[in-house]
Trainee: 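Here you go, one structure.
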Amino acid sequence: MTAFTDIQYLKGVGAKRAEILRTKGIDTVGALLRFFPRKYLDWTRVTPANSAPFHENVCVRAKIVTPIEEYNTKSKIIVYKFIAEDESGKFFVSLFNQKFLAERLKFGGEYLFYGKLEGSFITRQMNSPIIKPVDYNVIEPIYPASRDMSSSQLSCLIKTAVKTVEITETLPQIIIERNNLCSLRFAIENIHFPMSAAAFEKAKHRLVFEELFVLQTALSIIKLKAHQKSGCAITVNSFEEFQKSLPFSLTNAQKRVVLECISDMQSHRPMTRLVQGDVGSGKTVVAAALCDVVAKNGFQSALMAPTEILAEQHFNTFNNLSEKSGLKCGLLTGSMSPKKKSTVKEQLLKGEIDLIIGTHALITDDVAFKNLGLVITDEQHRFGVAQREKLTKKGENPHTLVMSATPIPQTLGLILYGDLDISVIDEYPKGRQKIDTYLVDSSYQARIYKYIKKFLDNGQQGYIVCPLVEDGDELGLKSAKEYYKTLCENEFSGYSLGLLHGKMSAKDKEKTMRKFSNGEIQLLVATTVIEVGIDVPNAVIMLIQNADRFGLSQLHQLRGRIGRGTLKSDCILISDNQSSDTIKRLEVIKNSTDGFEIADKDFELRGPGDFLGNRQHGIPQMKIADIFADKEVLFKAKKEALLLLEYDPKLKYPENKELRQEVIDLYKRLNQK
Ligand code: ADP
Ligand code: MG
């Protein structure tokens, strides 16, 4: 039996179980072997009851020193109680409705108890521990269970697979040796059923390395491949002219980045570049400059944005800019009428449109270009690698540019976007004022309203951001709808307010946004839909309700909606959450306006799981590696990948055959997204 054998043929799996396993993404025996435990119960590390930490899972070996008493509670739960004791001390144990277990325990017997100790130093208590015989000396894997398949059923099947499947080494021998890695067989065995803590560490290290190594190899191959093709060479450099048509002069950083891109496009290979710049650093005009140059060279450009509001805003910006240069811009979004869409598509095919701006609608099959020369994706983190590729395929090796404000720590960005060159806009347009950020509790509410009104009376605009759209189950959280109503009727009657949230139709959202950007709406009550890219320089004040409910990077993005002009801007965070962790987090936002610094702190405080969990980066989800915690391994893997590709760029040598297969599988996964 090999890793490619269909899961159905594993002993213990029939048609029915195969179906269940497939819903978990397990099609083959190999996939089952790589279905890793979610966590482990370590029954090998026994802690004395008296010195075990509270509120943490521990394993205690103790004797039952009282008879097991049965209690009936009012809520019809049967509780079994007894005292257990080891050499260090006693603790109370309660089992709830576990008749079967309780009846098998013996007064005077010795067992292993796995669970959390609660209480005080005088009386310790363990509720519903898992109980095993004293010779249960294993590190037990726990798998993500579902209703139709338990963790122990999965464990059983995996045990069978480990025994019967031929496990072929995937890494070239030289890399294994150089990095002191264990074999794949050892790694698979010990990630599921660790012989010891040390064996587990070794296994995990090897699998983390492998996962990152395959990713880096894949990304590097994409990059090498892109560089071998010949792109649409740009010969006319009209950048000077474009700059003269602007109402402001570009920052040095903007100029540098545009020139870096132009120089890429002048070479024979297609550009693949990532432009990173914090919110408000002025990425849009960089994109406009490049589209202009590309058009002057007779090619079309496409700009893809993650939301309709953003696409429309870009469309307006580009339209204004191109009035002087005579470019023809088009807009294509999902909510446009079929008739309008087909007109635009026709113009695009005929080459009557120089620059098309749109949403995902751009990657539908019936969109075709006459001669697509440049593809730009804005806020890249919302799109996967595969979506970007889909748009690129509509031309013959067009240049690609991705723009992102995702504040990934820079060094990591370099590695994660391994298939891209990187330019950074590290300077804000002149005249920007620092945004002041205040952190207060809701007792300040009335004063804040007064403060906001002062700005509105001055002809300026503002945002109020809430965590929810509608009133829901979560008590105490502001919802945009209700809050909007209250504010209109009370504190802000007489002012012109608007409401914006994700459940509105694209049309209504656009209508509201348009009213806000032309000043008809003074104060916009919104959810995080305004997070990405919205640009209204006259908006100078932002109030964020229940600020503790947002991630730091999200707060930073939200705050980036103000302070976009030359006017002084203020951001007020309201939170009644007194936990010291929360206060620490919000203090970070209060004290810094540097996206990268905030991102670093965010990872530190929140842990990377959360951050990557929401799949915002276009990075494939990792099975076992944690790109932040395993940063060192990531660097090593990258180095090894480059070394390897130097002598075998197409992975054609026999010793790289297995690796080649892994890389192909990864491509497939990337393209499925
Ligand atoms: P982001 O990088 O967040 O996408 P935008 O491209 O939306 O930022 O730019 C933010 C604002 O700054 C816009 O109103 C834009 O017109 C303005 N802007 C961009 N570059 C400059 C510049 N060099 N001088 C003055 N204003 C600029
Ligand atoms: Mg932007």
Side-chain angles (χ1 to χ4, degrees), residues 239-240 242-259 261 273-292 303-324 357-359 376-383 401-407 422-435 460-461 463 513 516-519 528-540 542 553-567 569 593-596 598-599 616:
F239 182 40
E240 285 288 328
F242 174 81
Q243 287 189 70
K244 283 184 198 139
S245 73
L246 290 176
F248 45 72
S249 53
L250 293 179
T251 63
N252 286 330
Q254 285 170 322
K255 282 187 222 167
R256 189 191 70 239
V257 170
V258 172
L259 289 175
C261 293
R273 195 168 273 281
L274 168 70
V275 170
Q276 269 195 322
D278 210 343
V279 279
S281 61
K283 294 183 286 294
T284 316
V285 67
V286 167
L290 296 173
C291 293
D292 187 76
L303 170 65
M304 184 157 69
T307 64
E308 300 218 344
I309 295 186
L310 258 192
E312 281 150 15
Q313 179 183 294
H314 283 330
F315 177 67
N316 294 333
T317 309
F318 278 57
N319 248 339
N320 290 338
L321 288 174
S322 60
E323 253 168 32
K324 284 189 188 153
I357 296 161
T359 53
I376 304 178
T377 43
D378 190 18
E379 305 298 343
Q380 139 78 8
H381 57 293
R382 299 282 172 116
F383 299 106
L401 183 73
V402 298
M403 303 198 294
S404 176
T406 315
I422 299 194
S423 294
V424 182
I425 308 181
D426 49 7
E427 184 187 351
Y428 287 101
K430 282 200 189 63
R432 286 288 157 79
Q433 297 225 21
K434 195 177 149 282
I435 303 174
Q460 295 163 341
Q461 291 164 280
Y463 298 96
M513 252 351 272
F516 186 64
S517 65
N518 68 25
T528 51
V529 285
I530 55 159
E531 184 186 340
V532 166
I534 298 300
D535 185 39
V536 180
N538 191 42
V540 294
M542 175 174 281
S553 296
Q554 203 174 21
L555 287 171
H556 177 65
Q557 292 275 339
L558 282 170
R559 184 174 56 182
R561 300 307 113 219
I562 55 172
R564 296 176 82 82
T566 48
L567 302 167
S569 295
T593 50
D594 177 340
F596 287 117
I598 290 170
Q616 289 227 324

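Just so it is clear, the values below take in all heavy atoms, side chains as well, and ignore hydrogens, waters and symmetry mates. Atoms within a ligand are numbered from 1 in the order they appear, just like the ligands themselves.
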Trainee: Please name all residues satisfying salt bridge (charged side-chain N to carboxylate O under 4.0 Å, His left out) with Lys244, sequence neighbours left out, ordered by chain then number.
Mentor: none

Trainee: So, regarding Lys430 and ligand 1 (criterion: nitrogen or oxygen to nitrogen or oxygen, under 3.5 Å), is there a contact or not?
Mentor: no

Trainee: Nearest heavy atom to atom 15 (C) of ligand 1: which of Asp535, Leu321, Asp278 does it belong to?
Mentor: Asp535

Trainee: Atoms of ligand 1 less than 4.0 Å from Ser281 heavy atoms?
Mentor: 2 (O)

Trainee: Could you tell me, atom by atom, which parts of ligand 1 come under 4.0 Å of a heavy atom of Thr251?
Mentor: 23 (N)

Trainee: For the pair Lys283 (side chain) and Val275 (backbone), establish whether a donor and an acceptor sit closer than 3.5 Å, ignoring hydrogens and angles.
Mentor: no

Trainee: Test of understanding: with ring-ring contact (aromatic ring centres under 6.0 Å, His included), list the residues that count as partners of Tyr463, not counting sequence neighbours.
Mentor: Phe516

Trainee: Using a 4.0 Å cut-off to any heavy atom of Gly280, which atoms of ligand 1 qualify?
Mentor: 1 (P), 2 (O), 3 (O), 8 (O)

Trainee: Classify the contact between Met403 and ligand 1 as side chain, backbone, both or neither, using a heavy-atom distance cut-off of under 4.0 Å.
Mentor: neither

Trainee: Do any heavy atoms of Gly277 fall under 4.0 Å from ligand 1?
Mentor: no

Trainee: Within ligand 1, which atoms have a heavy atom of Thr284 less than 4.0 Å away?
Mentor: 4 (O), 5 (P), 6 (O), 7 (O)

Trainee: I'd like to know if Ser249 contacts ligand 1, where contact means a heavy-atom distance under 4.0 Å to any ligand atom.
Mentor: yes

Trainee: With distance as the sole test, does Gln460 use its side chain to make a donor-acceptor pair with the main-chain N or O of Val540 at under 3.5 Å?
Mentor: no

Trainee: Report the relative orientation of the aromatic rings in Phe318 and His314; use parallel for angles under 30°, tilted for 30 to 60°, perpendicular for over 60°.
Mentor: perpendicular

Trainee: Donor-acceptor check, side chain of Gln243 to backbone of Leu250, threshold 3.5 angstrom: yes or no?
Mentor: no

Trainee: For Arg564, take its heavy atoms, then give the atoms of ligand 1 lying under 4.0 Å from any of them.
Mentor: 1 (P), 3 (O), 5 (P), 7 (O), 8 (O), 9 (O), 10 (C)

Trainee: At less than 4.0 angstrom from any non-hydrogen atom of Leu250, what atoms of ligand 1 do you find?
Mentor: 23 (N)

Trainee: Go through ligand 1 atom by atom and flag the ones less than 4.0 Å from a non-hydrogen atom of Val279.
Mentor: 3 (O)

